[in-house]
Amino acid sequence: SADPDYALAYSGIADYYNWLGILGVLPPQECFLPAIEAARKAVELDANLSEAHASLGFSLHAGNFEWSRAEHHLKRAIELSPSNASAFAWYSIVMYTEGRFAEGLQFARRAIEIDPLTPFNHHNAAWGQYFAREFEDAAKSYRKVIADFPTYSFGYYGLSKVQRITGETRP
C-alpha cells in the first residue's frame, strides 16, 4: 500500500493548481489539467483518502465541467470522512452550478459547522445565497463575513457583487 502522505501531497498540489486558475493567478487553461492529473494520482495512491476524492471532484468540476463525475468523487470524499469541510464546500459549489441552491446551501452550511474558522466556508454560503437570488440574505451574510473576518477580501468582493445587483451603496 502507498504512503498516504504522498497521496495527501498530490491532493494539496491539485488544490493549489485549482486555486491558481480560479483566482486568476495563472491562466485557468494552464492550471486545471495539472490539477486533475495530481488529484487522479492522489486517488491512485490512496483510494480511501477523502481529501484525494475531494480534490479530484473539485478539479473535475472546475477544470473539465464534469459535474456528474465531480459529484461522484465529492460524495465519496464525504462518505470516507464526514468531517471533511472542504468536500462539503466544494460539493455545494457543484450544486450551485447545477441550480440546486437549496441543497447546495445545506452542504455549505455543513462545511461551516465542521470548520467555522475558515472564512471561505462562510463566503461560500453567502455566494450560494447570491446565486439563488436571495440578495437580502446574501448581503446580511457578507456583512457577517466582513465583521468576523475583516481582512478576508472575498467578504468585500461578495458584498460588492450583491450591492451592484441591488443598487445599494452603503458598506
Side-chain angles (χ1 to χ4, degrees), residues 1-98 100 103-128 130-131 145 148-158 161:
S1 137
D3 185 338
D5 290 340
Y6 285 116
L8 196 56
Y10 276 100
S11 174
I13 291 167
D15 297 346
Y16 172 75
Y17 273 111
N18 279 320
W19 284 112
L20 286 176
I22 290 167
L23 296 175
V25 175
L26 292 173
Q29 63 273 19
E30 292 179 18
C31 299
F32 294 132
L33 184 58
I36 292 167
E37 289 174 0
R40 282 189 176 137
K41 181 70 173 177
V43 170
E44 179 185 308
L45 288 170
D46 189 347
N48 292 315
L49 182 66
S50 174
E51 292 85 352
H53 285 280
S55 295
L56 184 52
F58 187 45
S59 299
L60 290 169
H61 175 261
N64 280 3
F65 311 109
E66 295 182 48
W67 300 350
S68 65
R69 290 186 62 218
E71 193 169 336
H72 165 80
H73 285 284
L74 290 162
K75 283 180 178 178
R76 181 69 178 134
I78 291 166
E79 178 184 300
L80 289 167
S81 177
S83 63
N84 184 340
S86 293
F88 281 92
W90 295 339
Y91 192 21
S92 72
I93 294 168
V94 173
M95 290 182 182
Y96 299 159
T97 304
E98 294 174 349
R100 297 162 55 193
E103 289 174 87
L105 285 166
Q106 289 176 345
F107 278 79
R109 289 181 181 121
R110 182 66 186 126
I112 293 169
E113 290 171 8
I114 295 167
D115 182 4
L117 300 179
T118 295
F120 175 80
N121 293 339
H122 297 271
H123 156 71
N124 185 50
W127 198 238
Y130 169 79
F131 279 111
V145 171
D148 292 347
F149 307 98
T151 62
Y152 186 65
S153 61
F154 278 155
Y156 300 94
Y157 171 75
K161 297 285 280 185

For this session: Over 60° means perpendicular and under 30° means parallel, so classify the ring planes of Tyr152 and Phe149, tilted if in between.
Result: perpendicular
Problem set entry | Minimal non-hydrogen separation, Ser55 against Asn18, with atom names | O-ND2, 4.2 Å
Exercise. Would you say the side chain of Leu60 lies within less than 4.5 Å of the side chain of Ile36, judging by non-hydrogen atoms?
Worked result: yes
Problem set entry | Residue pair Tyr156 / Pro150, side-chain heavy-atom distance below 4.5 Å | yes
For this session: Decide if atom OH of Tyr10 counts as having more than 12 heavy atoms of other residues, nucleotides or ligands within a radius under 6.0 Å.
Result: no
Problem set entry | Val25 side chain reached by Tyr17 side chain, heavy atoms, under 4.5 Å | no
Exercise. So does Tyr16 have more than 12 non-hydrogen atoms from other groups sitting under 6.0 Å from OH?
Worked result: no
Exercise. Shortest non-hydrogen contact from Ala108 to Ser92?
Worked result: N-CB, 3.6 Å
Seminar exercise, completed: Between Ile93 and Asn124, the two heavy atoms sitting closest are CG1-OD1, 3.3 Å
For this session: Looking only at non-hydrogen atoms, find the nearest pair between Phe120 and Ala89 and report the distance.
Result: CE2-CB, 4.2 Å
For this session: Write out all pairs satisfying salt bridge (charged side-chain N to carboxylate O under 4.0 Å, His left out) with one or both partners inside residues 28-41, taking only residues at least two apart or from two chains.
Result: Lys41-Glu44
Problem set entry | Closest contact, heavy atoms only, Ile114 versus Pro82 | CD1-O, 3.4 Å
Exercise. Taking all non-hydrogen atoms of both residues, which atom of Arg76 and which atom of Asn48 are closest, and how far apart?
Worked result: NH2-OD1, 3.2 Å
Problem set entry | Side chain His122, main chain Pro116, donor-acceptor under 3.5 Å | yes
Exercise. Could you walk me through whether Ile13 and Asp15 pass the side chain to side chain contact (heavy atoms under 4.5 Å, CB included) check?
Worked result: CA-CA 5 Å; Ile13 291 167; Asp15 297 346; over 6 Å; no
Exercise. Where the side chain of Ser11 meets the backbone of Ala7, is there a donor-acceptor pair that is under 3.5 Å apart?
Worked result: no
For this session: May I ask you to decide if Ala47's main-chain N or O and His53's side chain share a donor-acceptor pair within less than 3.5 Å?
Result: yes
For this session: State, yes or no, whether a side-chain contact exists between Glu71 and Glu98 at a heavy-atom distance under 4.5 Å.
Result: yes
For this session: Taking the six-membered ring for Trp and the full ring for Phe, Tyr or His, determine whether the centres of Phe107 and Tyr91 are under 6.0 Å apart.
Result: yes
Exercise. Just how far is it from atom CG of Leu45 to atom CG of Asp5, taken to the nearest 0.5 Å?
Worked result: 11.0 Å
Problem set entry | Close side-chain approach of Phe154 and Leu23, heavy atoms under 4.5 Å | yes
Exercise. Atom OG in Ser68, atom NE2 in His73: separation rounded to 0.5 Å?
Worked result: 9.5 Å
For this session: Answer yes or no: is there a side-chain heavy-atom contact under 4.5 Å between Tyr157 and Ser153?
Result: no
For this session: For the pair Glu113 and Arg109, evaluate salt bridge (Lys or Arg N to Asp or Glu O under 4.0 Å) and give the outcome as yes or no after the intermediate values.
Result: CA-CA 6 Å; Glu113 290 171 8; Arg109 289 181 181 121; over 6 Å; no
Exercise. Do Phe88 and Asn84 pass the side chain to side chain contact (heavy atoms under 4.5 Å, CB included) test, and can you show the C-alpha distance, the side-chain angles, and the key distance before you say yes or no?
Worked result: CA-CA 7 Å; Phe88 281 92; Asn84 184 340; 5.5 Å; no
Problem set entry | Donor-acceptor side-chain pairing of Arg110 and Asn121 below 3.5 angstrom | no
Exercise. Are Phe58 and His61 close enough that their ring centers fall under 6.0 Å?
Worked result: no
